[in-house]
There are 2 protein chains.
Amino acid sequence: MKIGDMAKKAGCKVVTIRYYEKEGLLLEPERSDANYRSYGTEALDRLEFVLHCRKFGMKLDEIRALLSFRDHPQRDCTWVTELIDSHIGGVDAQIASLEHLKTHLEELRHRCEGGLVGNDCGIMRSLDAPEVCASCASSHASCAHKASTSGLAV
Amino acid sequence: MKIGDMAKKAGCKVVTIRYYEKEGLLLEPERSDANYRSYGTEALDRLEFVLHCRKFGMKLDEIRALLSFRDHPQRDCTWVTELIDSHIGGVDAQIASLEHLKTHLEELRHRCEGGLVGNDCGIMRSLDAPEVCASCASSHASCAHKASTSGLAV
DNA sequence: CTTGACTCTATAGTAACTATAGACATTACG
DNA sequence: CGTAATGTCTATAGTTACTATAGAGTCAAG
């Protein structure tokens with residue numbers, strides 16, 4: 001199986017496979033006479049594992065750890081459940097933060113119903129000096145987590 | 001006002017100010033004899049405008065456009081409301097995607113209640129070959145938007 | 001046999017910073 | 001007044017998970 005075939009089967013791009021290989025997530029495959037990568041079904045399984053993990057929002061570092069666990073299953077997989085738990089927590093925090101942001105954006109949106117002159121636009125004025133909302137001023141509950149990529153879907 | 005003072009007043013880091021300057025969001029300030037940046041209140045206002053926009057999740061490119069609108073207010077600010085609207089849409093999509101991801105993570109989490117042996121861990125098995133969920137298989141509704149930074153809070 | 005599709009490597013770019021290094025300036029303390 | 005801590009300067013590299021590009025070699029179909 002050549003790299004393009006595997007990409008098609010796994011539903012990812014060719015460059016992604018090469019990238020994962022360079023990152024050490026995928027093993028270096030055999031090469032053909034023409035130096036083309038040649039894969040078997042095990043390599044495809046491994047790639048799909050990685051892609052599934054990505055869909056669950058895991059970072060490459062975390063996937064690296066999961067792969068080594070997959071390669072050498074130890075006694076206890078407690079840390080795997082902890083990883084998932086912490087992911088759920090992170091997703092919760094992101095959702096909360098986005099909900100909060102949304103209320104602010106909607107508030108901002110209602111400052112201007114369009115067509116107003118620029119130097120009297122309510123939105124622009126609000127961007128100059130927005131009111132502080134209670135939950136923004138007092139707590140940092142919704143600001144707790146770091147920015148991270150989202151937009152992953154299963 | 002030196003750069004550190006302004007950073008303190010605006011609540012951002014010194015490096016961020018220098019970065020925004022290099023990106024053309026902030027004007028190049030006067031310099032002291034020792035080549036230190038020296039700012040007035042206008043510079044602080046502009047910085048705060050930028051930071052407010054960032055809290056609303058806007059990209060530096062968008063802020064650049066808003067700044068030039070701020071500098072030269074034209075007749076019509078319709079595009080500002082459109083910008084906000086599209087941001088609200090983006091946030092909605094992100095929330096939907098994260099909610100969807102969360103259900104999958106929770107589903108995954110329940111595969112293993114901890115303490116199981118690695119090579120029979122339900123989570124690991126699911127990562128090898130997860131079931132396809134209806135909304136994942138059929139539609140790409142929740143996968144529509146690109147990954148982007150979130151975690152912004154006002 | 002040539003044309004188009006596929007593969008290879010290496011490098012640079014993306015977004016919005018963060019971190020580091022090395023040098024100079026200023027401020028506080030004793 | 002000296003010195004040590006802090007603040008400022010520039011330039012460069014690193015972060016994440018890819019994406020894009022260039023230039024060259026390989027393969028399959030007509």
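Quantities reported herein were computed from a predicted structural model and do not represent experimental measurements.
A/E21 places its CD atom 11 Å from the P atom of C/dA10, with the value rounded to the nearest Å. Protein atom NZ of A/K59 is 10 Å distant from nucleotide atom C1' of D/dT15, rounded to whole Å. Rounded to whole Å, the distance from CZ on B/R18 to C1' on D/dT10 is 9 Å. Rounded to whole Å, the distance from CD on B/E23 to P on C/dG13 is 14 Å. As rounded to whole Å, 16 Å separates atom C1' of D/dA17 from atom CE of A/M58. With rounding to whole Å, B/L47 atom CG is found 11 Å from C/dC17 atom P. Remark: C1' of C/dT9 and CD1 of A/I17 are 17 Å apart, rounded to the nearest angstrom.
Under a 3.5 Å cut-off, the side chain of B/H52 and the backbone N or O of B/E48 do form a donor-acceptor pair. For the pair A/H72 (side chain) and A/S68 (backbone), a donor-acceptor distance under 3.5 Å is absent.
Pairs of residues two or more places apart, or lying in two chains, that qualify as side chain to side chain donor-acceptor pair (under 3.5 Å) and include a residue from residues 6-21 of chain B are B/E21-B/R37.
Across the interface with DNA chain C, nearest-nucleotide mapping of A/D5 and B/D61 shows A/D5 to be the residue nearer the 5′ end.
Counting heavy atoms from C-beta outward, B/L67 and B/R64 have side chains that stay 4.5 Å or more apart. Taking the side chain as every heavy atom from C-beta outward, A/L127 and B/F56 approach each other to under 4.5 Å.
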Trace of the salt bridge (charged side-chain N to carboxylate O under 4.0 Å, His left out) decision for A/R70 with A/D45: CA-CA 12 Å; A/R70 195 178 102 116; A/D45 289 345; over 6 Å; no
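Taking 4.0 Å as the cut-off between side-chain N and carboxylate O, B/D5 and B/K2 do not count as a salt-bridged pair. Salt bridge A/R125/A/D128: absent, no basic N to carboxylate O contact under 4.0 Å.
Residues from residues 28-38 of chain B with heavy atoms under 4.0 angstrom of DNA chain D, sorted by number: B/R31, B/N35, B/Y36, B/R37.
At least one test fails for A/R31 against the ring of A/Y36: distance under 6.0 Å to the centre or angle within 45° of the axis.
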Atom pairs under 3.5 Å: protein N/O with N/O of nucleotides 18-23 of chain D:
| residue | atom | partner | partner atom | Å |
| --- | --- | --- | --- | --- |
| D/dC18 | OP2 | A/Y20 | OH | 2.7 |
| D/dC18 | OP2 | A/R54 | NE | 2.8 |

